[in-house]
Amino acid sequence: MQFDMLIQGGTVVTAADTYAADIGISGGRITAIAQQLPRETARQVLSAQGLYVMPGGIDVHTHLDMPFGGTTSADDFESGTIAAAFGGTTTLIDFAIQYKGQTLRTAFDTWMKKAERKAVIDYAFHCIITDLPDARLDDMDALVREGVSSFKLFMAYPGVFMLEDALIFKAMSQAARNGALICMHAENGGAIDVIVQRALAEGKTAPKYHALTRPTTAEAEATGRSIALAEMAGAPVYIVHLSCNEALEKVREARDRGLPVYAETCPQYLFLSLENMDVPGFEAAKYVFTPPLREKWHQEKLWAGLAADHLQAVSTDHCPFCYKEQKEMGKGDFTKIPNGGPGIEHRLSLVFTGGVHGKRFSLNRFVELVSTTPAKLFGLYPRKGTIAVGTDADLILFDPNKEETISAKTHHMKVDYSMFEGIRVKGVPRQVLLGGRLVIDKGKFVGKPGQGQFLKRQPYSGL
Ligand code: URP
Ligand code: ZN
Ligand code: ZN
């Protein structure tokens, strides 16, 4: 058997197993896995001695090149996917936004143009629905057929993205018929808006008020309401960027009742808290994203939720805005700070450090959270999300003991600060392969813009 590449001597880790094996790759796919494969039959050999060989990470929540809050997120599909690759992510699902009056198809076409010729890793899209007249409900079915098999709906941001319950229920009912998965931004936008206006009227304009005007109850209420709407519609629902214990409890209760309810959290909610906003001047703007940071005790609840499968995935909600010029747009009025934070690069290292080294869950659960479950929920499995003969050779050679300190000085995201500045991680990718070709080789980007492929996803089929 002739291989384009042989990965030799590593420990293969999937969501189910950990075992020593060589991996043979041909034509971009894994074609052999065995205890020992002959190295003479390979054009290129990578030694994985002392390393874990894991399926490439899948980040199902990113916002690259996204117009938002009067500006555009700082990473485009080139810089953002390069940073993702450095961190071991080989597939992402970004959000194509349908603006009011546009068709869903226009949103998809617009985001395809942003990504093609730039992405260095594989990519797919969810579609954000902001406007859904009855006559247009069938447009959702057409998108599902084209591989855009999930939609994000907002219960927050009134006047921008927020949908009323009737529309959410209609979209969920349509999803129940066409196999789409609804991703929900669950916060009670109406109540939050009132609290925000009161704060501004009292002269509370500093960045920390962004967090203090978005209570956990607003997230829990919307999480519970979205679960109720999904239950009535007979549809599955995936809660995005879940940040607090009260919302987690709603998800846990629903799952205990056997409902197809899923949720992700993000590294910022696992590693950062409201205390990070106690910094001088305007610096807390670096942590203005939605939902906001919470009191520190929520972190351990979220870690426990990941371990117990009350939460099924960790994604980044990468939505970077530079501190200078972009975040600074909100000086004197926190509502004008563009909402979002940069995180696409460090998801795997952070979750590995806190989860596996922190003894909160196993190595296999780690793979499940950052790759396998995202692939299954979003119609990419088994092509992505595992290591088996026939799957795409998207692989990470991961050094579990290498330590690094996260810093804006060394990261690859096009943003002038890091939310995780100074955090020490243990466990970093040494080499990253996409379709059997090296993208990251010992700290160097060796791929090409445009090499990432659009992935047409299958409809939701459960876990
Ligand atoms: O603050 C955030 N999360 N910005 C991105 C948009 C969203 O709601 O996910
Ligand atoms: Zn959101
Ligand atoms: Zn987001």
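Ligands are counted one by one from 1 in listed order, and the atoms in each one are counted from 1 as well.
For a heavy-atom separation below 4.0 Å, the residues in contact with ligand 1 are His61, His63, Phe68, Lys152, Phe154, Tyr157, His185, His241, Phe289, Thr290, Asp317, Cys319, Asn339, Gly340.
Arg198 places no side-chain N or O within 3.5 Å of a backbone atom of Thr213 that could act as its donor or acceptor partner. At least one donor-acceptor pair closer than 3.5 Å links the side chain of Tyr269 to the backbone N or O of Pro291.
Taking a cut-off of 2.8 Å, the protein N, O or S atoms nearer than that to the Zn ion (ligand 3) are His61 NE2, His63 NE2, Asp317 OD1.
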For residues 375-387, tabulate all N or O donor-acceptor pairs below 3.5 Å that involve a side-chain atom, not counting sequence neighbours.
residue : atom : partner : partner atom : Å
Arg383  : NE   : Asp392  : OD1          : 3.4
Arg383  : NE   : Asp392  : OD2          : 2.8
Arg383  : NH2  : Asp392  : OD2          : 3.3
Lys384  : NZ   : Asp122  : OD2          : 2.6
Lys384  : NZ   : Asp392  : OD2          : 2.7
Lys384  : NZ   : Asp394  : OD2          : 2.6

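Figure legend: cation-pi geometry between Lys327 and Phe321 absent, as NZ or CZ is not positioned both under 6.0 Å from the six-membered ring centre and within 45° of its axis.
Between the side chains of Asp131 and Gln102, no donor N or O sits under 3.5 Å from an acceptor N or O. Remark: the Ser243 side chain and the Arg294 side chain contain an N/O donor-acceptor pair separated by less than 3.5 Å.
Asp141 has no carboxylate O lying under 4.0 Å from a charged side-chain N of Arg177, or vice versa, which leaves the two without a salt bridge.
Listed by first and then second residue, the salt bridge (charged side-chain N to carboxylate O under 4.0 Å, His left out) pairs that reach into residues 84-96 come to none, sequence neighbours excluded.
The only member of Val13, Val356, Leu306 that meets side-chain contact (heavy atoms from CB on, under 4.5 Å) when paired with Phe366 is Val356.
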